[in-house]
Protein chains: 2
Amino acid sequence: MGASIQDVADRAGVSIATVSRTFTLPDKVLPRTREKVLKVAQDLDYTISRSASALKSGKSARIAFLTGGELDSWYDSHVLAGLNSVLHDAGYDIALYAVSDEQERHAFFSDMSIKRNADAVLVVSFQIPCTEADKLATTGIPLIGINTEPIPEFSATIGIDETSCMELVINHMVNLGHRKIAYVCLDPETEHFKWNGQARLQAFRSICSKLGDRVNPTVVYAPKDDTRADFALSQLARLDQHPTAIICMNDEYALPLLFCMQRSGYTIPRDVSVAGFDDSTYAHEIGLTTIHQDPYEMGKSSAQTLLKLLEGENPDMNMQIQPSFLAVRNTTAPPEH
Amino acid sequence: MGASIQDVADRAGVSIATVSRTFTLPDKVLPRTREKVLKVAQDLDYTISRSASALKSGKSARIAFLTGGELDSWYDSHVLAGLNSVLHDAGYDIALYAVSDEQERHAFFSDMSIKRNADAVLVVSFQIPCTEADKLATTGIPLIGINTEPIPEFSATIGIDETSCMELVINHMVNLGHRKIAYVCLDPETEHFKWNGQARLQAFRSICSKLGDRVNPTVVYAPKDDTRADFALSQLARLDQHPTAIICMNDEYALPLLFCMQRSGYTIPRDVSVAGFDDSTYAHEIGLTTIHQDPYEMGKSSAQTLLKLLEGENPDMNMQIQPSFLAVRNTTAPPEH
DNA sequence: CTGTTAGCGCATTCAA
DNA sequence: TTGAATGCGCTAACAG
């Protein structure tokens, strides 16, 4: 049951070094020898002990996944699945760190002597302060940002271009003839960790202000819990001028709002246009106009970049902008007059 | 940067043994000494090296998470988040194994000399053959099943009672006055890995047959891809007698079908009743009648059981049935006559 | 191409 | 309560 490298070496009539090599540097071993070793290993149900090889080689074979969101969110879970699909086969484990407040974030950076216990850090959906980014950067281990502000401390970042996505949505609304546009989002104060939350709101504001008189924007905050749709709707109803177009920070805001409005008697898009961000669960089936992005692919892609970094290559794709587009579907139309 | 146990020992004026003890057996160290060591460790940004302590102690501090589904599915991602919320704090990593065919499953059991590289195995949504379960069981490491057939090889299993859940749904329909009931699911041939798929279909059949003349059941298969709703609807339309009630294997079948039917002009529940399983994303907001279950809690709960097992306790809760109930909402009603 | 050797950093006996 | 000493199982020089 616990066959060691020694057992395999003995049985195969070679030294433990050769056994080790057949697994880590197979080319440096005569094919015949290699096969013999492999066969014995299989018979004995032997594989390298990760702990031992990690200790000796100084690489932990672990990647830290640091998220400011929830692991079971649409975004994070898809990124994770994408990451794992390549990192697992490359022999890496992913250590999950879900950090929900400053204290926990601080704990991550101070408690964990990262350098010794992870070969790289992936920062997901997270505003990471420069001081802490710096601290990581100086350890010399790769730091990859997924859906984060592209600060120079990162060895690489990947994400969509939030600003141009927002521009796509706003332009779509404006081109349809909308002027009174509301943006529904979580209060940025309550989610100062999440990068896309910040970025989208800021983009909304700056694009609208560039558009000047052509738009009449409002921002409505809604909490993250189950009541968000009701809350948002009542806020919207309370506005002096009712918006004819509503853009939501993500589909998890847009869809419940859509359901809620339909239940309240609105017909979408006749009475009001609604758009979301992400193209997440059921957006397609429901026909929601939204920004499409693919976090699974982003996970895969960043894993590949990471592997290169780990092999010492210096991929020049340090700031990858992942493809995204506006999927125009059935919840947006010209305003009624 | 890379402070070792030696550095800490030197600076604190103690031996490395004492440093080691302050972290692993803090009680066996004089409070004063402990604090001194802790302080130095903090200054030096030192923590135990996982690889080294794993090697020495013979425990890898890794838990294998073996799933037959997708990591980014509603179910798996919630289980994983729940697991991580307790295992992470207990010092364990979760190694993710997403296995999609027999070959990969076989690879898991043969390639991975599990015993040396994981302290326990969690099997999620997975039909695991007895021979392989046995192989795991004989290694002596805990084997926990989540949403799996409760076979004796498992040290513990956790899940909902699929049969009684199905009974709840069918009875609900029957009590409303439905007789012609269709069950929409993935063809079991294509998902012979997934336990709940099998269990639910079997439960549907056996409960209906127990009900005899009171019901007139049909089973309709639909693929897993984007076309499932259209496909299911066309299959249903083709039936000799149109069902007045449709039960779907899970919400991911029920909701798209619901949308699709509404688009096709059906009014739910006036024209037909629809129920799902899981109470997953948006089921609540949409008002879908469905079986509620909480995979996050199941993850937490199994992690706690696992920790006990790992500490040598033998929790007698070896077969935990997690609470679940039928959430009756707005997609089921008596049939029109 | 293969074997010998010397640790990697820590946990744990055994003495003190 | 603490320290000295001994490997855990493997990898990476190095020598052959």
Side-chain angles (χ1 to χ4, degrees), chain A residues 1-38 40-41 44-62 91 112-119 310-312, chain B residues 1-38 40-41 44-62 91 112-119 310:
Chain A
M1 221 64 358
S4 85
I5 199 172
Q6 192 59 257
D7 300 335
V8 179
D10 292 350
R11 265 252 242 164
V14 296
S15 72
I16 60 167
T18 300
V19 177
S20 173
R21 274 189 292 253
T22 61
F23 286 101
T24 49
L25 281 357
D27 312 329
K28 306 213 131 219
V29 135
L30 210 63
R32 271 191 34 170
T33 323
R34 192 196 315 155
E35 255 131 61
K36 192 171 53 182
V37 172
L38 251 22
V40 173
L44 262 43
D45 225 1
Y46 169 85
T47 33
I48 297 286
S49 150
R50 295 177 68 92
S51 329
S53 85
L55 174 58
K56 180 61 200 182
S57 66
K59 342 222 95 244
S60 62
R62 293 170 87 234
M112 182 191 195
S113 185
I114 294 151
K115 171 153 186 166
R116 290 151 54 87
N117 289 313
D119 298 340
L310 255 12
E311 280 162 14
Chain B
M1 208 105 338
S4 86
I5 199 171
Q6 192 62 255
D7 301 335
V8 179
D10 293 350
R11 266 251 241 167
V14 297
S15 71
I16 60 166
T18 301
V19 177
S20 173
R21 274 189 290 253
T22 62
F23 286 102
T24 50
L25 281 357
D27 312 329
K28 305 214 134 223
V29 130
L30 212 60
R32 273 192 31 172
T33 325
R34 192 197 315 155
E35 255 131 62
K36 193 172 51 185
V37 172
L38 251 21
V40 173
L44 262 45
D45 226 1
Y46 169 86
T47 34
I48 297 286
S49 149
R50 295 177 68 91
S51 331
S53 84
L55 174 58
K56 182 62 197 179
S57 67
K59 344 221 94 246
S60 62
R62 293 168 87 234
M112 182 189 195
S113 185
I114 296 150
K115 171 156 188 165
R116 288 151 54 88
N117 289 315
D119 298 339
L310 254 13

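This structure is a prediction, so every number in the text was calculated from the model and none was measured.
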Nearest-Å distance, CD (A:Glu35) to P (C:dC1)?
-> 14 Å

With sequence neighbours left out, which residue pairs that include part of residues 46-60 of chain A fulfil the salt bridge (Lys or Arg N to Asp or Glu O under 4.0 Å) condition?
-> A:Arg50-A:Asp93

The side-chain hydrogen bond (donor to acceptor under 3.5 Å, both in side chains) partners of A:Ser60 (sequence neighbours excluded) come to A:Asp119

In terms of the nearest nucleotide of DNA chain D, which residue is placed more toward the 5' end: B:Ser15 or B:Leu55?
-> B:Ser15

How close or far is atom P of C:dG9 from atom NZ of B:Lys59, stated in whole angstroms?
-> 23 Å

Under the side chain to side chain contact (heavy atoms under 4.5 Å, CB included) test, which residues partner A:Arg34, sequence neighbours left out?
-> A:Thr22, A:Pro26, A:Val29, A:Pro31, A:Leu38

Tell me: CG of A:Leu44 to P of D:dG9, nearest whole Å?
-> 14 Å

Contacts of B:Gln6 that satisfy side chain to side chain contact (heavy atoms under 4.5 Å, CB included) - sequence neighbours left out = B:Ser4, B:Ala9, B:Asp10, B:Ile16

With B for base contact, S for sugar-phosphate-only contact and - for none (protein heavy atoms under 4.0 Å), nucleotides 10-16 of chain C reads BBBB---

Mark yes or no for whether A:Asn117, through its side chain, and A:Arg62, through its backbone, hold a donor-acceptor pair below 3.5 Å.
-> no

Length of the line joining B:Lys28:NZ and D:dG3:C1', which is rounded to integer Å = 15 Å

Rounded to whole angstroms, how far apart are CZ on A:Arg50 and P on D:dC10?
-> 13 Å

Could you list the residues that satisfy side-chain hydrogen bond (donor to acceptor under 3.5 Å, both in side chains) with B:Thr24, not counting sequence neighbours?
-> none

State whether B:Thr33 places a side-chain N or O below 4.0 Å from either non-bridging phosphate oxygen (OP1 or OP2) of D:dT2.
-> yes

